[in-house]
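For reference, the structure is listed below as structure tokens.
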Amino acid sequence: MQDFGQAFSLAFQLLWTADADLMEIIGLSLRVSLTAMAVSCAIALPVGAALGMSRFRGRGAAIILLNALMGLPPVVVGLCVYLMLSRAGPMGELGLLYTPTAMIIAQSILITPIIAALSRQVIEDLHSEYAEQFRSMCVPVHTAVGALLWDARYSLLTVALAGFGRAVAEVGAVIIVGGNIAHLTRVMTTAIALETSKGDLALALALGMVLLLIALAVNAVVMALRMTATRYAYA
Amino acid sequence: MLDATARYEGGDVAGTQAREEPAVLPCEVRGLCFEAGGDLIIDNVDLTLGSTGITVVMGPNGAGKSILVRLLHGMLEPSAGDISWGGRGLCEETRRRQAMVFQTPVLLRRSVEANIAFALRLHGENGQVRCVRILDEAGLAEKAGQPARLLSGGERQRLAIARALAADPEVLFLDEATASLDPASVQAIEEVVQSARDRSVKIIFITHDIGQARRLADDVVFMHRGRIVERAPAGKFFDNPSSREASDYLAGRIVL
Ligand SMILES: Nc1ncnc2c1ncn2[C@@H]1O[C@H](COP(=O)(O)OP(=O)(O)OP(=O)(O)O)[C@@H](O)[C@H]1O
Ligand SMILES: [Mg+2]
């Protein structure tokens, strides 16, 4: 077991010298989670908009279900994706298990309900504001959806970033479907788990600091978005 | 009574080519009822709106003015009765040729200019030139790039009216469009409304302001408790109202 202070200085050194392994891990983390965020947005924003704009039987139940899915435990998602992708599973043929794609799938499943549920609320609020005016102007549905998504863009970006934050910090799902294979599926969270258990605290600490920095950066961007939105009274 | 097609002879109808479509006016309302929460809010209303001029709708609070106008514009479904525009029911096509300005207008969370552009695009227009001219006429040229929701009450109302007119409607409903505005803004809006009338836009204008009604009205519809109790040309209505309710209202007495 390394000395604690020594671990810290090693960690800073790794960061300062932009250690190749470290950078690879950070790069993969960002790639996987940003892709998962994009995939989730593509699915969740239309779902959120549809739920926020329409009235149908069972809508309440759908919203409750969606809200409940926000709390999906990552390990359960990991397990389900594992079962789907494993050799014996229905999608085993694709050979996706232990690839970045598998991790993207797992993270997408994890954060799609989050983005859908939060964007549903955003869209519903704006829709209740615009609905009467749009009805009066005979605005076609597709134009209305576009206008709502566009005019709510700052809030929706915040929602997307919340999804990203959840994805990048998550470990349970990616470790099951990715396997934490060096140079292939090793991301920040799985590396921290592994290195800590191996006693290599320097790399774990360096990665931990980067994760914190990312969390900070995401929050800073969210704050900046909020301020821009209120300054222009768009929100 | 002038025909609705007359408006296209005026020359200054912005960005329109003569329309082939059948006229939306006159409007005929027969036996109109609207029920909500067990109350009959509109009670067996018959009404004919001619093709031109400003019809002012007056009446005490809760008389049903806003509801009537919403029914005419197709924002609400009547419980009974018929509304026809130019001999046809209230179809999408008819609604598209009407515009409404609500008492508290909802503006898009965009710039002033983008609010107008949105309305223009709905009608298949992309004219930057037209947009600038509309803002100019509304006295909002300097505010073009500003967020619409940061405008003052009067400016918002002017923008809402400009947006409604951008759609080049044949019928324009205004529900207390000048309530809570300063005299200058009221005058500006009255001028816009009158110039629309002069372009043969049919105007239905709800107001509580008797002075304004005198200035604008060609004819008056007076409502009380969901019924039309008086319908008369403006001169007759203000000088010699025939119903007790209307004379009470004009004299500033409580209408019972
Ligand atoms: N959805 C509804 N359910 C029940 N009652 C309603 C509903 N909408 C309106 N009313 C009632 O209908 C009546 C007429 O309302 P309306 O808004 O048309 O009045 P108004 O003549 O426009 O009054 P004001 O001058 O105050 O604007 C009111 O008494 C109102 O309370
Ligand atoms: Mg009203």
Side-chain angles (χ1 to χ4, degrees), chain A residues 41 45-46 48-49 52-57 118-161 221-235, chain B residues 66 69-77 90-112 114-124 143 145-152 155-156 159-161 163-169 171-175:
Chain A
C41 283
L45 290 182
M53 289 178 70
S54 56
R55 295 283 173 276
F56 55 89
R57 274 177 68 94
L118 296 178
S119 63
R120 193 272 309 169
Q121 188 65 56
V122 167
I123 296 287
E124 188 171 328
D125 291 348
L126 193 58
H127 177 66
S128 66
E129 188 182 317
Y130 282 3
E132 187 169 58
Q133 186 64 46
F134 278 5
R135 200 167 133 59
S136 165
M137 294 167 87
C138 297
V139 177
V141 172
H142 58 95
T143 313
V145 175
L148 287 172
L149 290 175
W150 176 251
D151 288 358
R153 62 193 177 280
Y154 291 109
S155 308
L156 292 177
L157 262 173
T158 306
V159 167
L161 285 175
V221 172
V222 167
M223 279 277 278
L225 281 173
R226 288 242 169 87
M227 274 159 61
T228 320
T230 31
R231 174 140 34 96
Y232 293 109
Y234 286 130
Chain B
S66 298
V69 162
R70 273 160 200 271
L71 287 163
L72 292 178
H73 184 36
M75 300 291 292
L76 294 170
E77 281 296 316
L90 197 45
C91 56
E92 183 86 356
E93 176 48 37
T94 302
R95 297 194 60 239
R96 214 178 281 285
R97 289 154 73 184
Q98 308 177 339
M100 176 152 177
V101 178
F102 296 91
Q103 186 177 345
T104 41
V106 174
L107 301 172
L108 300 187
R109 299 181 184 192
R110 303 183 184 184
S111 69
V112 168
N115 269 271
I116 299 291
F118 182 80
L120 287 176
R121 265 201 309 279
L122 275 184
H123 290 261
K143 311 259 176 187
Q146 197 172 309
R149 290 151 61 92
L150 292 186
L151 294 177
S152 78
E155 291 163 345
R156 296 164 60 100
L159 177 58
I161 293 175
R163 177 176 63 182
L165 288 171
D168 194 23
V171 182
L172 177 63
F173 300 101
L174 297 112
D175 189 350

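Remember, predicted model here, so these are calculated numbers, not experimental data. Residue numbers begin at 1 in each chain, while the letters A, B, ... track the order of the sequences.
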Measuring from Tyr130(A):OH to Ile123(A):CD1, what's the distance to the nearest 0.5 Å? 10.5 Å
Could you tell me the separation between the CZ atom of Arg156(B) and the CZ atom of Arg163(B), rounded to the nearest 0.5 Å? 10.0 Å
Please confirm whether the backbone N or O of Glu132(A) pairs with a side-chain atom of Ser136(A), one donor and one acceptor, at under 3.5 Å? no
Donor-acceptor check, side chain of Arg153(A) to backbone of Trp150(A), threshold 3.5 angstrom: yes or no? yes
Heavy-atom proximity to chain A below 4.5 Å, by part of [X]:
| X | result |
| --- | --- |
| Arg121(B) | neither |
| Ala160(B) | neither |
| Phe173(B) | neither |

Heavy-atom proximity to chain B below 4.5 Å, by part of Ala152(A): neither
Heavy-atom pairs under 4.5 Å with chain A, option from Met75(B), Met100(B), His73(B) with the top count: Met75(B)
Sole residue of His127(A), Arg120(A), Gln121(A) in side-chain hydrogen bond (donor to acceptor under 3.5 Å, both in side chains) with Glu124(A): Arg120(A)
